Amino acid sequence: MGKTKIGVVKEGKTPTDKRVPLTPKKCVEALEKFPEMEIVVQSSDVRSFADAEYAELGIPVQQDLHDCDILLGVKEVPIDLLIPNKTYFFFSHTIKKQPQNAGLLRAILDKNITLIDYETLKTPQGQRVVAFGRYAGIVGAYNGMLIYGKKWKLFNLKPAYLCHEMEDMQEEFFKVKLPPVKIAITGGGRVASGAMEVLDKMGIKKVSVFDYLYKQFTEPVYAQLHSGDYNMRPDVEVWDSPDFYTNPHLYKSTFRKFTRVTDLLLACAYWHPNAPKLFTEEEARQPDFRINTIADITCDVNGSIPTTKRSTTIQDPAFDYNPDTGELEPAYSRPENITVMAVDNLPCELPRNASRDFGRHLIDNVFPHLFNGDAEGILERGTIAKDGKLTPRYSYLQEYADSATTGKQKQEVA
């Protein structure tokens, strides 16, 4: 039996994404760990690892990937670059029926492609096995500090995307000198962990939720807030996490108590559209609403953070929300505004580090299932399309795929 040939595709989406699913060293590690595998890399002048870096480690670089069995990308593969009858892994951004990608899913079905989406690869318990979340948290927290420093003219940090690696970014941490402010981090997953990593390395002290709410400090502090800290179900006294995730529509936000003491909010919690928003625009107008800077790291437009009216770009990461008018204004227009960072592709700012982390997940949590007969069903559960049809789990996308002009609709540039 021949080896399984894996091809790393050149990213074709606009704007360009410099990340890779496998770095040169991770390719070497994967080949050592899985002798049944071959890896080739499609030539690219845009990725953060040059062709030469792969070639130096003996990884073949070629233009044509038609001889590969499995193709790995990061973002959506443009329709005209899809090779029929192959198995693809990438973030397809189709499972929530994202309008701009209906044509992509239609083309995948028409071209008899097996699509496995990284977002749908989960353990039997429903935990995602591969993600860029940690780096979203790292860059998001750093950006939150950057805009806070700029807003109050306290310090100037070099933008993360101008740093070659995370080590360069960490050199900037020493510039962060804060008054005794309070910083709230929402969430308990990879994103929140990444954000806390940054605050810890900046020397900002973590305190309990109780102390955060009721004590005064002479130094900057932060608290990690979980769903139970700022949501409640009026008819139930004891917090029940499974119930919250099953019935988010039955809950009300109690985040108001945090808005009175928080200066900077780092929003890292996954948000369900049926769950309550953290606060309302009306609450943001109240005299005791203290939050003046928000890094919406999850970046749900019109989601958990009502002031996130649009997403922002890496080069222009912030805008101001005027609580009096509800209108958006240029960043740092006036101190009374709430300055919001809402970059929706944060890991792209540190593409080399984020790619290393991602490759680690692939080698540890995905590749074994390619060669053990998918014993835990992880690949099967993550497969959206196969043999020209949607799999039963994703049959709800049929109407969405059919809404696209068959095979001809071009993806909108996201």
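On a predicted model such as this, the values are computed, not experimentally measured, just so you know.
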Test item: H272 side-chain N/O and N274 main-chain N/O as donor-acceptor pair under 3.5 Å: yes
Holding to ring-ring contact (aromatic ring centres under 6.0 Å, His included), I want the full list of residues that pass it with F49, two or more places apart in sequence or in another chain. none
A quick test of your reading: do over 12 heavy atoms of other residues, nucleotides or ligands sit less than 6.0 Å from CD of Q62? yes
Do you see a donor-acceptor pair shorter than 3.5 Å between the side chains of D64 and Q42? no
If I compare all heavy atoms of A192 with all of T186, which pair ends up nearest, and what's the gap? CB-O, 4.1 Å
Centres of the W239 and Y251 rings: under 6.0 Å? yes
How about Y118 and F90: are their ring centroids closer than 6.0 Å? no
Is the count of non-hydrogen atoms from other residues, nucleotides or ligands lying under 6.0 Å from K389 atom NZ greater than 12? no
Less than 4.0 angstrom from a charged side-chain N to a carboxylate O is my criterion; do D17 and K13 meet it? no
Under a 4.0 Å threshold between the charged nitrogen and the carboxylate oxygen, would E380 count as salt-bridged to K386? no
Distance col, row K257:NZ vs D229:CG, nearest 0.5 angstrom, shows 7.0 Å
In terms of heavy-atom contacts, does NZ of K75 have more than 12 from other residues, nucleotides or ligands at under 6.0 Å? yes
Given 3.5 Å as the limit, does a donor-acceptor pair link the side chain of T391 with the main chain of T383, or not? yes
Please identify each residue that fulfils side chain to side chain donor-acceptor pair (under 3.5 Å) with E327, with sequence neighbours left out. none
Give the minimum heavy-atom separation between I183 and M145, together with the two atoms involved. CD1-CE, 3.5 Å
Is it the case that the side chain of R128 and the backbone of T123 share a donor-acceptor pair, with hydrogens and angles ignored and the cut-off at 3.5 Å? no
May I have all residue pairs that pass ring pair (Phe, Tyr, Trp, His ring centres under 6.0 Å) and include part of residues 372-402, sequence neighbours excluded? none
Can you confirm whether K111 is buried at NZ, in the sense that more than 12 heavy atoms of other residues, nucleotides or ligands lie under 6.0 Å from that atom? yes
So, do Y135 and F132 have ring centers that fall under 6.0 Å from each other? no
Side-chain (K277) to main-chain (G303) donor-acceptor, under 3.5 angstrom: yes
Do K205 and Y222 form a cation-pi contact, if we require the NZ or CZ to be under 6.0 Å from the six-membered ring centre and within 45 degrees of the ring's axis? no
Between F258 and F279 (judged by ring centroids, cut-off 6.0 Å), do the two rings come close enough to count as a pair? no
Identify whether the distance between the nearest side-chain nitrogen and carboxylate oxygen of R352 and E165 falls below 4.0 Å. yes
Examine distances only and state if a side-chain atom of K86 and a backbone atom of H66 form a donor-acceptor pair shorter than 3.5 Å. yes
Going from OG on S395 to CG on L390, what distance comes out if it is rounded to the nearest 0.5 angstrom? 7.0 Å
